[in-house]
There are 2 protein chains.
Amino acid sequence: MIKEKAELQADECPFQAAMDLLSGKWTMSIINNLMAGTLRFKQLERAVTGINTRMLVKELKLLESKGLVHRQAYATVPPTVEYSLTERGRLLQPVIVAVQEWSVREM
Amino acid sequence: MIKEKAELQADECPFQAAMDLLSGKWTMSIINNLMAGTLRFKQLERAVTGINTRMLVKELKLLESKGLVHRQAYATVPPTVEYSLTERGRLLQPVIVAVQEWSVREM
DNA sequence: CAGGATCCCCCATGATACTG
DNA sequence: CAGTATCATGGGGGATCCTG
């Protein structure tokens with residue numbers, strides 16, 4: 001079985017694989033906000049400046065499927081859903097902090 | 001004058017502004033490779049697994065315009081062009097290192 | 001409140017061929 | 001070698017309305 005080009009990249013280079021996952025327009029901002037702790041959907045939507053509902057839903061599903069974000073739903077009325085980082089997600093803290101510091105200084 | 005939404009984001013939030021700049025599919029990988037030192041165009045093209053000429057040219061121009069990469073051309077035959085990080089670009093090292101470490105562990 | 005469902009569009013990304 | 005020029009495309013991203 002011959003591999004696709006994109007597959008090859010990700011396979012052979014963990015760095016590129018990581019960036020394939022993290023380089024979404026909103027990905028890092030979402031993770032950044034969740035670093036502070038658990039947030040509800042609406043809180044996240046307000047925290048991530050400029051994002052819209054559809055993209056937030058989409059990104060959260062992706063991050064959940066990749067095991068970076070944990071989703072906790074409560075059967076209340078109205079619904080309550082809380083998002084938090086998994087251990088794997090929390091391990092990104094050094095990355096977030098580094099970007100944070102660079103951005104404050106250079107942007 | 002009322003500002004566009006995208007403009008507001010970048011203005012108000014340095015983190016988001018930084019990610020707007022860095023979240024390209026190839027951006028971090030290019031910077032990562034340049035961390036090691038100066039590289040010629042062809043060397044970069046080989047180093048950044050999977051990229052094609054057009055994208056590399058485009059990214060390099062962007063990074064140059066943002067003051068992260070320095071371009072040095074020599075009037076030789078055939079042409080020689082060397083790319084290196086500026087001081088501002090080198091300040092991204094903590095970010096690169098953090099991604100690197102996470103990727104090796106988690107990807 | 002937390003999403004689903006749609007419609008839409010532009011641009012990032014890609015492949016290929018060509019040149020000083 | 002270091003690009004430029006073209007053409008093509010898909011999906012990332014957005015806006016809006018709807019619902020359990």
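Order of the sequence lines fixes the chain letters, A, B, ..., with proteins taken first and strands second; residue numbering starts at 1 for each chain.
Looking at B/T86, its side chain does come within 3.5 Å of a backbone N or O of B/G67 through a donor-acceptor pair. One N or O on the side chain of A/R88 and one on the backbone of A/K66 form a donor-acceptor pair closer than 3.5 Å.
The phosphate of C/dG3 has OP1 or OP2 within less than 4.0 Å of a side-chain N or O from A/Y83.
Here the straight-line distance linking atom OG of B/S84 with atom CD of B/Q72 works out to 8.0 Å at 0.5 Å rounding. Note that CH2 of A/W26 and CG of A/N32 are 13.0 Å apart. Values are rounded to the nearest 0.5 Å.
Protein atom CG of A/L56 is 14 Å distant from nucleotide atom C1' of C/dG4, rounded to whole Å. Here D/dG13 presents its C1' atom at 14 Å from CG of A/L62, a figure rounded to the nearest Å. Distance A/I51 CD1 to C/dA2 P: 14 Å, rounded to the nearest Å. In this structure, A/E59 atom CD and D/dG11 atom P are separated by 16 Å, rounded to whole Å. The CG-C1' distance, from A/D20 to D/dG11, rounds to 15 Å in whole Å. For the pair A/N52 CG and D/dA15 P, the interatomic distance rounds to 6 Å; values are reported in whole Å.
A salt bridge does not link A/K61 to A/E64: none of the charged side-chain nitrogens sits closer than 4.0 Å to a carboxylate oxygen.
Atom CD of A/E82 has more than 12 neighbouring heavy atoms from other residues, nucleotides or ligands inside a 6.0 Å radius. Residue-environment remark: CZ (B/R105) stays at or below the threshold of 12 foreign heavy atoms within 6.0 Å.
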Kindly indicate, with the supporting measurements, whether the criterion side chain to side chain donor-acceptor pair (under 3.5 Å) is fulfilled by B/Q16 and A/S29.
-> CA-CA 7 Å; B/Q16 185 64 42; A/S29 290; 2.6 Å; yes
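The stretch residues 34-47 of chain A comes close to DNA chain C through A/R40, A/F41, A/K42, each having a heavy atom under 4.0 Å from the strand.
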Restricting to nitrogen or oxygen on both sides, can you table the protein-nucleotides 6-12 of chain C pairs closer than 3.5 Å?
residue	atom	partner	partner atom	Å
C/dT6	O4	A/R54	NE	3.3

